[in-house]
S.K.: 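Let me begin by handing over the structure; questions about it come next.
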Amino acid sequence: MQLPLDFKKKYKKLLGNDAESFFNSLESSTNPGFRINPLKENLPENEDLTHPIEYCQYGYYGEINGKSVDHQSGAIYSQEPSAMYVGEVADVHPGEKILDLCAAPGGKTTHIASYMKNEGTLVTNEIDYKRAKILAENVERFGIQNAIVLNENPNNLAKHFPKFFDTILIDAPCSGEGMFRKNPDATKYWNLEYPIECANRQKDILKQAIKMLKPGGKIIYSTCTFAPEEDEQIVSWMINNLDLTIEPIKKYSEMSYGHPEWSDGNEELKNTVRLFPNKFKGEGHFIAKLVNSEKGNPKKIKKLLKGNLSSEQNKLWKQFVSKNMTNFIPENLITFGEQLYTFEKGLPELKGLKVMRPGLHLGTFKKKRFEPSYALALSIHKDLFNKELNVSKEEWKNYVHGDTISCDKSLEKGWYLLICDDQPFAFGKVVNGIVKNFMPKGLRFKA
């Protein structure tokens with residue numbers, strides 16, 4: 001990797017004696033990691049869980065196969081170890097209202113969902129449409145039932161969610177210096193002014209975010225850059241302009257603290273966290289926790305009180321549930337076209353928002369029938385579905401590729417939850433000894 005000359009000059013001045021070990025670390029290999037998914041019924045069978053990450057309850061060091069049963073079924077999620085600490089610092093709980101404002105591809109969303117246990121409202125947003133589609137896919141694969149996926153800008157979100165959220169995560173768009181060794185091409189568009197440009201964009205995002213935070217709520221601000229302009233100096237700007245106070249973050253071994261001397265000298269900046277790759281087993285990261293000092297109560301906002309199913313749709317849905325499911329009766333149903341979703345109680349009115357998913361996608365209404373969704377298969381435990389079919393690894397490979405698979409001809413016709421290595425991975429429809437394929441075409445792959 002060819003580091004920009006101005007980058008080296010800047011960090012020699014900032015880091016002093018640590019500069020050479022810092023530059024050398026950017027030439028070394030990365031440390032991959034992954035998390036297991038506690039929303040799933042069973043632990044993954046095929047992963048090495050002998051290298052746990054000290055500061056992350058569900059995290060492990062190691063590389064995973066992105067074309068495995070565990071990955072496709074959502075039992076594991078690949079995430080860089082430094083980024084895992086953001087979800088831990090957020091410290092979310094079931095029943096809360098959470099916003100992940102800059103969420104794609106979904107690492108932090110899936111992490112905080114692990115702690116929400118499908119209770120409460122999780123709004124996860126991405127302004128870029130293509131990245132928002134990837135975010136929606138990862139939310140689906142992880143089996144999250146209480147997430148609404150949006151493709152919005154912060155200004156419009158602020159109009160719809162005034163003082164609504166208990167916690168807002170902002171993994172801010174940044175200059176990406178902390179990812180240089182994972183993505184060396186990022187060095188090509190770096191220049192001395194780039195962190196300042198990013199800092200101005202971050203301030204615009206934060207001005208809108210504070211409007212959506214409850215009194216006493218918290219903002220978890222993070223970046224994957226080393227630039228003080230986007231880290232300590234942004235936090236200083238926040239506490240001076242947005243009625244926020246810094247809350248200390250627990251530091252584990254090899255974690256560094258923010259540098260007051262890189263900003264306005266405020267010693268409270270030491271309560272933030274810096275992760276340097278020459279000291280920490282991960283990529284570059286910065287994390288701050290800030291609490292809203294404003295007093296008062298959250299504003300009341302117009303809520304989505306009821307769904308919009310026709311009598312025919314309601315009849316088809318109830319018929320499907322009665323025949324196929326046990327103890328699964330979502331209360332709040334809404335249709336978008338022919339697509340059926342269940343949404344969280346207390347969800348605000350969605351009119352005027354670009355909605356990718358308003359909740360868990362349950363399935364599609366077809367002519368005189370209801371077809372369950374891939375998302376539903378990935379989100380339920382197998383004891384909720386009346387019929388299950390265990391398949392071999394080879395049969396799983398055929399199915400995710402888009403092929404039908406054979407089964408015992410004596411099997412009753414109808415929908416089955418397909419299972420491989422103890423993980424539900426899709427629905428299939430059995431007809432005369434054949435399992436018809438319902439793997440979404442855009443998600444099929446050759447394992």
Side-chain angles (χ1 to χ4, degrees), residues 7 9-19 21-22 25 55 81-91 101-102 108 167-179 192-207 209-210 213 216-280 282-294:
F7 177 85
K9 285 181 179 178
K10 177 179 180 177
Y11 285 100
K12 278 181 181 177
K13 182 178 180 181
L14 288 172
L15 295 173
N17 293 334
D18 282 337
S21 67
F22 169 67
S25 72
Y55 52 84
S82 292
M84 291 184 195
Y85 198 44
V86 180
E88 296 294 321
V89 168
D91 189 29
L101 184 54
C102 313
K108 295 171 180 67
T167 299
I168 300 177
L169 280 79
I170 304 170
D171 189 37
C174 68
S175 56
E177 296 171 356
M179 304 304 286
L192 273 177
E193 299 301 316
Y194 190 39
I196 299 172
E197 293 173 20
C198 292
N200 290 331
R201 189 183 310 124
Q202 290 152 8
K203 289 176 183 178
D204 289 339
I205 292 170
L206 288 160
K207 286 174 186 175
I210 193 68
L213 191 65
K218 58 192 177 185
I219 284 179
I220 311 301
Y221 176 80
S222 64
T223 73
C224 57
T225 188
F226 306 111
E229 298 93 332
E230 303 172 73
D231 295 342
E232 287 90 347
Q233 291 172 29
I234 284 288
V235 173
S236 289
W237 176 84
M238 279 194 269
I239 61 178
N240 291 329
N241 293 276
L242 300 181
D243 206 14
L244 294 164
T245 57
I246 301 174
E247 188 169 290
I249 299 173
K250 180 179 178 179
K251 295 177 180 65
Y252 290 80
S253 58
E254 301 179 332
M255 291 184 179
S256 305
Y257 53 78
H259 292 262
E261 67 275 15
W262 291 359
S263 183
D264 56 6
N266 187 338
E267 289 296 310
E268 286 191 64
L269 288 169
K270 289 184 177 180
N271 289 322
T272 64
V273 168
R274 272 188 171 274
L275 305 177
F276 287 104
N278 55 322
K279 297 182 178 181
F280 183 81
E283 305 311 300
H285 229 81
F286 174 86
I287 311 168
K289 179 188 287 190
L290 300 110
V291 177
N292 189 357
S293 303
E294 183 185 358

S.K.: Provide the closest heavy-atom pair for Cys198 versus Pro173 in the form atom of the first, atom of the second, distance.
M.R.: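 For Cys198 versus Pro173, the nearest heavy atoms are CB-O, 4.3 Å.
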S.K.: Heavy atoms only: give me the nearest Ala209-Ile168 pair and the separation to one decimal.
M.R.: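 Scanning both residues completely, I find the closest heavy atoms to be O-CD1, 3.4 Å.
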S.K.: For the atom pair CD (Glu268) and OG1 (Thr245), what is the distance rounded to the nearest 0.5 Å?
M.R.: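 The distance works out to 7.5 Å.
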S.K.: Measuring from Phe276:CZ to Leu15:CG, what's the distance to the nearest 0.5 Å?
M.R.: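 Taking CZ in Phe276 and CG in Leu15, the distance rounds to 5.5 Å.
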S.K.: Any side-chain heavy atom of Arg274 sitting closer than 4.5 Å to one from His259?
M.R.: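 Yes - at least one pair of side-chain heavy atoms lies under 4.5 Å apart.
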S.K.: Report yes if some heavy atom in the side chain of Ile219 is under 4.5 Å from a heavy atom in the side chain of Asn292; otherwise report no.
M.R.: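 In short, these two side chains do not touch, never coming nearer than 4.5 Å.
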S.K.: Closest approach of Ile246 and Ile239, non-hydrogen atoms and distance?
M.R.: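 Here Ile246 and Ile239 meet closest at CG1-CG2, 3.8 Å.
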S.K.: Can you tell me how the ring of Tyr11 sits relative to the ring of Phe22, calling it parallel under 30°, perpendicular over 60° and tilted otherwise?
M.R.: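 Because their plane-to-plane angle lies in the 30° to 60° range, the rings of Tyr11 and Phe22 count as tilted.
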S.K.: Walk me through whether Val89 and Val273 qualify under side chain to side chain contact (heavy atoms under 4.5 Å, CB included).
M.R.: CA-CA 10 Å; Val89 168; Val273 168; over 6 Å; no
S.K.: Any side-chain heavy atom of Pro228 within less than 4.5 Å of one from Lys10?
M.R.: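 A side-chain contact under 4.5 Å exists here.
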S.K.: Between the main-chain N or O of Tyr257 and the side-chain N or O of Lys251, is there a donor-acceptor pair closer than 3.5 Å?
M.R.: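 Checking the backbone N and O of Tyr257 against the side chain of Lys251, no donor-acceptor pair under 3.5 Å is found.
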S.K.: Kindly compute the distance separating OG (Ser222) from CG (Leu275), expressed to the nearest 0.5 Å.
M.R.: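 Going from the OG atom of Ser222 to the CG atom of Leu275 covers 10.5 Å.
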S.K.: What are the two closest heavy atoms between Asn278 and Ser21, and how far apart are they?
M.R.: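 Taking Asn278 first and Ser21 second, the nearest heavy atoms are ND2-OG, 3.0 Å.
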S.K.: Quick one: list whatever passes side-chain hydrogen bond (donor to acceptor under 3.5 Å, both in side chains) with Gln202, sequence neighbours left out.
M.R.: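 Here the qualifying residues are Tyr221, Glu230.
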S.K.: Any side-chain heavy atom of Glu247 sitting closer than 4.5 Å to one from Asn271?
M.R.: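 Of all side-chain heavy-atom pairs linking Asn271 with Glu247, none is under 4.5 Å.
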S.K.: Nearest 0.5 Å, please: how far is CZ in Arg201 from CD1 in Ile196?
M.R.: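 The CD1 atom of Ile196 sits 13.0 Å away from the CZ atom of Arg201.
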S.K.: In Å and rounded to the nearest 0.5 Å, what is the CG to CG distance from Leu290 to Asp243?
M.R.: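 If I round to the nearest 0.5 Å, the distance is 11.5 Å.
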S.K.: As a quick check of understanding, evaluate side chain to side chain contact (heavy atoms under 4.5 Å, CB included) for Glu229 and Ser175, giving each step before the final call.
M.R.: CA-CA 10 Å; Glu229 298 93 332; Ser175 56; over 6 Å; no
S.K.: Between Tyr194 and Cys174, which heavy-atom pair has the shortest distance, and what is it?
M.R.: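 Between these two residues, the closest heavy atoms are OH-O, 4.1 Å.
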S.K.: Could you walk me through whether Ile249 and Met255 pass the side chain to side chain contact (heavy atoms under 4.5 Å, CB included) test, one step at a time?
M.R.: CA-CA 11 Å; Ile249 299 173; Met255 291 184 179; over 6 Å; no
S.K.: After noting the C-alpha distance and the side-chain angles of Phe280 and Tyr85, does the key distance pass the ring pair (Phe, Tyr, Trp, His ring centres under 6.0 Å) rule?
M.R.: CA-CA 12 Å; Phe280 183 81; Tyr85 198 44; 8.1 Å; no
S.K.: Pair Leu269, Ser263 - check side chain to side chain contact (heavy atoms under 4.5 Å, CB included), show working.
M.R.: CA-CA 9 Å; Leu269 288 169; Ser263 183; 3.6 Å; yes
S.K.: Please examine the side chains of Asp231 and Thr272, heavy atoms only from C-beta on, and report whether any two atoms are closer than 4.5 Å.
M.R.: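 Contact flag for Thr272/Asp231 side chains = no.
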S.K.: Got a second to check how far Ser25's OG is from Lys279's NZ, nearest 0.5 Å?
M.R.: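 Interatomic distance, Ser25 OG to Lys279 NZ, rounded to 0.5 Å: 10.5 Å.
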S.K.: For Pro260 and Asn266, work out which heavy atoms get closest and say how close.
M.R.: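 For Pro260 and Asn266, the tightest heavy-atom pair comes out as CB-O, 3.3 Å.
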S.K.: Do the side chain of Glu177 and the main chain of Ala227 share a donor and acceptor less than 3.5 angstrom apart?
M.R.: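 Yes: the side chain of Glu177 pairs with the backbone of Ala227.
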S.K.: Measuring only between side-chain heavy atoms, which start at C-beta, is Trp237 closer than 4.5 Å to Leu206?
M.R.: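 Touching, per the 4.5 Å side-chain cut-off.
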S.K.: Indicate yes or no for a side-chain donor-acceptor contact from Ser82 to the backbone of Gly284 under 3.5 Å, with no hydrogens or angles considered.
M.R.: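 Such a contact is absent between Ser82 side chain and Gly284 backbone.
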S.K.: Measure the shortest side-chain to side-chain distance between Asn240 and Asp264 over non-hydrogen atoms and say whether it is less than 4.5 angstrom.
M.R.: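 Yes; the side chains approach each other to less than 4.5 Å.
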S.K.: Can you find a heavy atom in the side chain of Leu244 that is under 4.5 Å from one in the side chain of Leu213?
M.R.: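 Heavy-atom side-chain distance check passes, below 4.5 Å.
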